[in-house]
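Just below is one structure, and these are the notes that go with it.
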Amino acid sequence: MRLDLSLTNEELYRGCTIRQLSGGRLNLKTPRKLAAPIVRENLARIILAIPSEERSVELTGRMATWVYLVALNQAIRSFEQVYFNDGGEQILIAP
């Protein structure tokens, strides 16, 4: 399974405010302190909807480090293998 952590993932950031800057770049307007628990809850809901036979997840997408930390914490509890992909190569983070 591939989990896009970028701001284009509307389900992951539901409840947060995202604005489009000039040039088309997206920006999370909701302060991190408020956004982190929202993202954590959304991620838990997303993971619960994944079929139990999915044993691995790939975290990808351009986003701030804190989102990856939140996602990694949830993913390690739910998947046997957690990978990271920065668009170049897939790296095993947690077996």
Side-chain angles (χ1 to χ4, degrees):
M1 175 203 172
R2 190 169 209 209
L3 182 58
D4 180 9
L5 300 179
S6 72
L7 290 173
T8 60
N9 186 338
E10 293 178 12
E11 188 177 4
L12 183 59
Y13 296 97
R14 184 169 287 127
C16 295
T17 302
I18 298 171
R19 67 178 174 181
Q20 189 170 12
L21 302 176
S22 61
R25 191 171 142 232
L26 297 176
N27 185 37
L28 183 64
K29 189 173 178 182
T30 305
R32 286 182 289 183
K33 186 176 182 177
L34 300 174
I38 293 170
V39 169
R40 187 173 29 255
E41 287 177 27
N42 289 341
L43 186 55
R45 195 169 25 261
I46 291 167
I47 289 172
L48 279 175
I50 297 169
S52 60
E53 61 269 8
E54 280 288 338
R55 307 313 297 161
S56 67
V57 64
E58 177 185 69
L59 304 177
T60 189
R62 189 171 276 238
M63 193 48 195
T65 304
W66 70 265
V67 175
Y68 272 90
L69 294 172
V70 169
L72 181 61
N73 184 44
Q74 292 285 340
I76 286 175
R77 297 177 191 182
S78 304
F79 298 95
E80 291 178 8
Q81 296 173 317
V82 180
Y83 294 90
F84 168 74
N85 189 328
D86 64 357
E89 68 177 300
Q90 188 183 64
I91 301 166
L92 180 63
I93 300 298

Looking at [atom1] of [X] and [atom2] of [Y], how far apart are the two atoms once the value is rounded to the nearest 0.5 Å?
X: Leu7; Y: Gln20; atom1: CG; atom2: CD; value: 11.0 Å
X: Gln90; Y: Gln81; atom1: CD; atom2: CD; value: 9.0 Å
X: Thr17; Y: Asn27; atom1: OG1; atom2: CG; value: 11.0 Å
X: Ile46; Y: Glu41; atom1: CD1; atom2: CD; value: 12.0 Å
X: Met1; Y: Leu59; atom1: CE; atom2: CG; value: 9.0 Å
X: Leu3; Y: Phe79; atom1: CG; atom2: CZ; value: 7.5 Å

* To do: Group every Ile, Leu, Val, Met, Phe, Trp and Tyr by side-chain heavy-atom contacts under 4.5 Å, then state whether Tyr68 and Leu92 land in the same group.
  =>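 No, Tyr68 does not connect to Leu92 through the hydrophobic network.
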* Asked: Under 4.5 Å between side-chain heavy atoms, hopping through other hydrophobics if needed: is there a path connecting Leu28 to Leu69?
  -> no
For [X] against [Y], the heavy-atom pair lying closest together:
X: Leu43; Y: Val70; result: CD2-O, 4.1 Å
X: Asn85; Y: Thr60; result: O-OG1, 2.9 Å
X: Ala94; Y: Ile76; result: CB-CG1, 4.0 Å
X: Met63; Y: Ser6; result: CB-CA, 4.3 Å
X: Ala35; Y: Trp66; result: CB-CH2, 3.8 Å
X: Arg14; Y: Ile38; result: O-CG2, 3.2 Å

* So, the side chain of Tyr13 versus the backbone of Leu5: is there a donor-acceptor pair under 3.5 Å, distance only? ->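 Yes.
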* Does Asp4 reach the main-chain N or O of Asn9 with its side chain, forming a donor-acceptor pair under 3.5 Å? -> no
* Who pairs with Tyr83 by ring pair (Phe, Tyr, Trp, His ring centres under 6.0 Å), at least two apart in sequence or on another chain? ->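 For Tyr83, no residue satisfies ring pair (Phe, Tyr, Trp, His ring centres under 6.0 Å) once neighbours in sequence are set aside.
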* Could I get the full list of salt bridge (charged side-chain N to carboxylate O under 4.0 Å, His left out) partners for Arg25, not counting sequence neighbours? => none
* Asked: For Glu54, which residues count as a salt bridge (charged side-chain N to carboxylate O under 4.0 Å, His left out) partner, sequence neighbours excluded?
  -> none
* For Leu72 and Phe84, what are the C-alpha separation, side-chain angles and deciding distance, and is it a side chain to side chain contact (heavy atoms under 4.5 Å, CB included)? -> CA-CA 9 Å; Leu72 181 61; Phe84 168 74; over 6 Å; no
